[in-house]
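The structure under discussion appears below in the form of structure tokens.
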Amino acid sequence: MSVNSNTSRQQGAGNRRRQQKQTQLHSRQSSTSEVSEGASLSAWDNGADRTRPITPGRRGDSQAQRPSSGGGRSRRAKERAEDNAGHALKAKRQLDRFISQLKDSSVENHPTEINLESCRVGDRGAVNLSYALRSNSTVQRLRLGGCDITYAGMRSLRDVLRDTRATVYGPALVNAIRRIELCTRKVPKVGNPLGNHGAECLAEVIRTSTSLRHVNASSCSIGDEG
């Protein structure tokens, strides 16, 4: 009996020693992991980890690689300016082509339609066109929608388009014009900012012309007075 009791006491003491060693080892591992985790967090706070190169897929990469909004706005503004300049040059060339055809001495080369839709030739272009139309005998249709023509340009066209048999321009050869379209046919509809005063000039053309059959002046900023 004494031998068995001594053996059991020795086994119990051995088990307690092993448990104490395991507990000490576990506590050491826990403290080591806490120290390493705290060190990594402090390193991130101090900016050490921020020097790492950006790799795809990490959070915040899109914001870091995204260009500044100011540079994007300036680039878009530059592109719009280039588009406007190219559009203006194209419109001027098209207007010059029609004017040169109207000034040609051979009537066979004169156009029967002048299409300047969405060319934004403005009042200056309308004035140049009106001078070319003084000797017109072939043009039957004017398509001037989206040309940015205001009262000043419409006044110049009025002086040529109205039916005046005897003026400083000579005989009324412009009676060939049958249709005047001041609004684009395609959607969205774009007219000209004629206003009420421009509408009065157009009304005079309609009232005096004997050849005019159709006028489209929608979307031209014409109020009730016009």
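In this chain, residues are counted from 1 in sequence order. Only this structure's heavy atoms are used, side chains among them; waters, hydrogens and symmetry mates stay out.
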Report task. Check L142, V205, I206 against V215 for a side chain to side chain contact (heavy atoms under 4.5 Å, CB included) and give me the one that passes. Result -> I206
Report task. Without swapping roles, check the side chain of N192 against the backbone of C220 for a donor-acceptor pair under 3.5 Å. Result -> no
Report task. Could you pull out all residues at least two apart from N115 that satisfy side-chain hydrogen bond (donor to acceptor under 3.5 Å, both in side chains)? Result -> none
Report summary line: Heavy-atom closest pair (T184 atom, S118 atom, distance to 0.1 Å) is CG2-OG, 3.7 Å
Report task. For D96, check salt bridge (Lys or Arg N to Asp or Glu O under 4.0 Å) against everything at least two apart and list the hits. Result -> K92
Report summary line: The complete set of ring pair (Phe, Tyr, Trp, His ring centres under 6.0 Å) pairs with one or both residues in residues 96-117, sequence neighbours excluded, reads none
**Report entry** Nearest-0.5 Å distance that lies between atom CG in L102 and atom CG in N128
**Finding:** 12.0 Å
Requested in this report: Return each pair, listed once, that meets salt bridge (Lys or Arg N to Asp or Glu O under 4.0 Å) where at least one residue sits in residues 185-198; pairs must be two or more places apart or across chains.
Outcome: none
Report summary line: Nearest heavy-atom contact between M154 and C201 is CG-CB, 4.0 Å
Query raised in the report: Looking at residues at least two apart in the chain, or sitting in another chain, which of them share a side-chain hydrogen bond (donor to acceptor under 3.5 Å, both in side chains) with S130?
Result: S156
Query raised in the report: Partners of S218 by side chain to side chain contact (heavy atoms under 4.5 Å, CB included), sequence neighbours excluded?
Result: C183, N216
Query raised in the report: Is there side-chain contact between E117 and E181, with heavy atoms separated by less than 4.5 Å?
Result: yes
Report summary line: Residues at least two apart in sequence or cross-chain that pass side chain to side chain contact (heavy atoms under 4.5 Å, CB included) with D123, listed by chain then number, are I149, T150, A152
Query raised in the report: Roughly how far, to the nearest 0.5 Å, is the CD1 atom of I114 from the CZ atom of R97?
Result: 10.0 Å
Query raised in the report: Is a donor on one side and an acceptor on the other found under 3.5 Å between the side chain of S221 and the backbone of G195?
Result: no
Query raised in the report: Residues in side chain to side chain contact (heavy atoms under 4.5 Å, CB included) with V121, at least two apart?
Result: A91, L95, C119, C147
Query raised in the report: With sequence neighbours excluded, what pairs up with E113 under the side-chain hydrogen bond (donor to acceptor under 3.5 Å, both in side chains) test?
Result: R143
Report task. Could you grab the distance from atom CZ of R155 to atom CD of E204, nearest 0.5 Å is fine? Result -> 12.0 Å
Query raised in the report: Does anything in residues 134-162 pair up under ring pair (Phe, Tyr, Trp, His ring centres under 6.0 Å), and if so which pairs, sequence neighbours excluded?
Result: Y151-H197
Report task. Mind listing the closest non-hydrogen atom pair of P111 and T138 along with its distance? Result -> O-OG1, 2.9 Å
Query raised in the report: Is the number of heavy atoms from other residues, nucleotides or ligands within 6.0 Å of CZ (R124) greater than 12?
Result: no
Report summary line: Rounding to 0.5 Å, atoms CD1 (I99) and CG (L133) come to a distance of 8.5 Å
Report task. Output the distance between atom NE2 (H214) and atom CD1 (I180), rounded to the nearest 0.5 Å. Result -> 10.0 Å
Report task. Could you please spell out the steps behind the side-chain contact (heavy atoms from CB on, under 4.5 Å) verdict for T112 and R141? Result -> CA-CA 7 Å; T112 58; R141 186 176 187 177; over 6 Å; no
Query raised in the report: Partners of Q101 by side-chain hydrogen bond (donor to acceptor under 3.5 Å, both in side chains), sequence neighbours excluded?
Result: none
Report task. Could you state whether I177 and L202 fall into the same hydrophobic cluster, counting links through intermediate Ile, Leu, Val, Met, Phe, Trp or Tyr residues with side-chain heavy atoms under 4.5 angstrom apart? Result -> yes
**Report entry** salt bridge (Lys or Arg N to Asp or Glu O under 4.0 Å): pairs with one or both residues in residues 207-216, sequence neighbours excluded
**Finding:** none
